[in-house]
Student: 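I have a structure here, written as structure tokens, and I will follow up with some questions on it.
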Amino acid sequence: MVSVSEVFKAWKEGFTNKDSSQFAEFLTDDFQFVGVAGTRSRQQTLDWIAAGGSPTSIDDLELLYENDDVAVIVHSVNGDGSTVMGFYTKRDDKISEVRNVRQAA
């Protein structure tokens, strides 16, 4: 089973290092990221990470729930007191969709 903790770590390191290759291994081919900026395809998400985000930094992962099909997380973003709640959908031991809702500080 893919672990969202591992995925989060790869996402965080990807932003920091401007390298999405490790994160790409966790995604299905039809992956979608749905967030405040709209919906990004797999490639758009990988390009965003490889560019370092907007800039984006994520930290303080709290895993609220995880099973073989879904995961729910909360984490900080950009060190400005903002919080994100994320819903991860899993398929074939990979992440097929992430839906994020952001609460500004």
Side-chain angles (χ1 to χ4, degrees):
M1 172 178 83
V2 64
S3 161
V4 169
S5 296
E6 291 176 281
V7 173
F8 185 85
K9 180 181 177 193
W11 202 322
K12 180 178 175 177
E13 289 175 0
F15 280 138
T16 300
N17 301 325
K18 296 185 178 182
D19 178 5
S20 60
S21 59
Q22 183 182 6
F23 184 71
E25 297 173 19
F26 292 106
L27 308 180
T28 61
D29 290 340
D30 62 345
F31 170 85
Q32 288 191 43
F33 174 81
V34 181
V36 295
T39 301
R40 290 184 171 106
S41 68
R42 181 182 195 274
Q43 191 58 55
Q44 289 169 324
T45 303
L46 295 174
D47 292 346
W48 175 51
I49 292 169
S54 306
T56 306
S57 62
I58 56 178
D59 207 2
D60 304 321
L61 173 68
E62 182 179 353
L63 181 61
L64 301 176
Y65 179 80
E66 183 170 24
N67 66 21
D68 291 346
D69 300 315
V70 298
V72 180
I73 66 163
V74 176
H75 65 83
S76 63
V77 65
N78 293 343
D80 64 3
S82 297
T83 302
V84 169
M85 177 174 266
F87 181 80
Y88 286 59
T89 305
K90 302 176 183 185
R91 187 177 70 239
D92 301 328
D93 205 32
K94 293 189 179 223
I95 303 299
S96 61
E97 184 176 77
V98 173
R99 289 187 171 266
N100 277 350
V101 177
R102 183 174 175 174
Q103 175 64 48

Student: Does one hydrophobic cluster hold both Val4 and Tyr65, with members joined at side-chain heavy-atom distances below 4.5 Å?
Tutor: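 Hydrophobic grouping puts Val4 apart from Tyr65.
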Student: Just jot down the side-chain contact (heavy atoms from CB on, under 4.5 Å) partners of Glu25, sequence neighbours excluded, or say none.
Tutor: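 If we apply the side-chain contact (heavy atoms from CB on, under 4.5 Å) test to Glu25, skipping adjacent residues, there are no hits.
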Student: Side chains of Lys90 and Glu66: closer than 4.5 Å at any heavy-atom pair?
Tutor: yes
Student: What pairs with Asp93 under salt bridge (Lys or Arg N to Asp or Glu O under 4.0 Å), at least two apart in sequence or on another chain?
Tutor: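 Partners of Asp93 under the salt bridge (Lys or Arg N to Asp or Glu O under 4.0 Å) test: none.
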Student: I need the full list of salt bridge (Lys or Arg N to Asp or Glu O under 4.0 Å) pairs touching residues 34-49, with sequence neighbours left out, sorted by first then second residue.
Tutor: none
Student: Quick one: side-chain contact (heavy atoms from CB on, under 4.5 Å) partners of Asp68, sequence neighbours excluded?
Tutor: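 side-chain contact (heavy atoms from CB on, under 4.5 Å) list for Asp68, sorted by chain: Met1.
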Student: Using the ring of each side chain (for Trp, its six-membered ring), is Trp11 parallel, tilted or perpendicular to Phe23, with breaks at 30° and 60°?
Tutor: tilted
Student: If a pair satisfies side chain to side chain donor-acceptor pair (under 3.5 Å) and one of its residues is in residues 51-60, list it, with sequence neighbours excluded.
Tutor: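 Applying side chain to side chain donor-acceptor pair (under 3.5 Å) to every pair that reaches into residues 51-60, excluding sequence neighbours, yields Lys12-Asp59, Trp48-Ser54, Asp60-Ser76.
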Student: Shared ILVMFWY cluster between Val72 and Ile58, side chains joined below 4.5 angstrom?
Tutor: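 Shared cluster, no.
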Student: Where is the tightest heavy-atom contact between Asn78 and Pro55, given as atom of each residue plus distance?
Tutor: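 Nearest pair, atom of Asn78 first, then Pro55: OD1-O, 3.4 Å.
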Student: How far does CG of Leu46 sit from OG of Ser20, to the nearest 0.5 angstrom?
Tutor: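 Leu46 atom CG to Ser20 atom OG measures 4.5 Å (nearest 0.5 Å).
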Student: Distance-only criterion, 3.5 Å: show the donor-acceptor pairs between side-chain atoms of residues 95-105 and protein atoms not counting sequence neighbours.
Tutor:
unit_1, atom_1, unit_2, atom_2, d
Ser96, OG, Thr89, O, 3.2
Glu97, OE1, Arg99, NE, 3.1
Arg102, NH2, Ser82, OG, 3.4

Student: Is there a path of hydrophobic side-chain contacts, each under 4.5 Å between heavy atoms of I/L/V/M/F/W/Y residues, joining Val84 to Phe33?
Tutor: yes
Student: Enter the distance from Ser3:OG to Tyr88:OH here, rounded to the nearest 0.5 Å.
Tutor: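 These two atoms lie 10.5 Å from each other.
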Student: How about Arg91 and Asp30: do any of their side-chain heavy atoms sit closer than 4.5 Å?
Tutor: yes
Student: Would Val74 and Phe87 show up in the same hydrophobic cluster when neighbours are defined by side-chain heavy atoms closer than 4.5 Å?
Tutor: yes
Student: Report whether Phe15 and Leu61 are members of the same hydrophobic cluster (ILVMFWY, side-chain heavy atoms less than 4.5 Å apart, transitive linking).
Tutor: yes
Student: Do the side chain of Lys94 and the main chain of Asp29 share a donor and acceptor less than 3.5 angstrom apart?
Tutor: no
Student: Which atom names give the shortest non-hydrogen contact between Ala51 and Lys18, and what distance separates them?
Tutor: O-CE, 3.7 Å
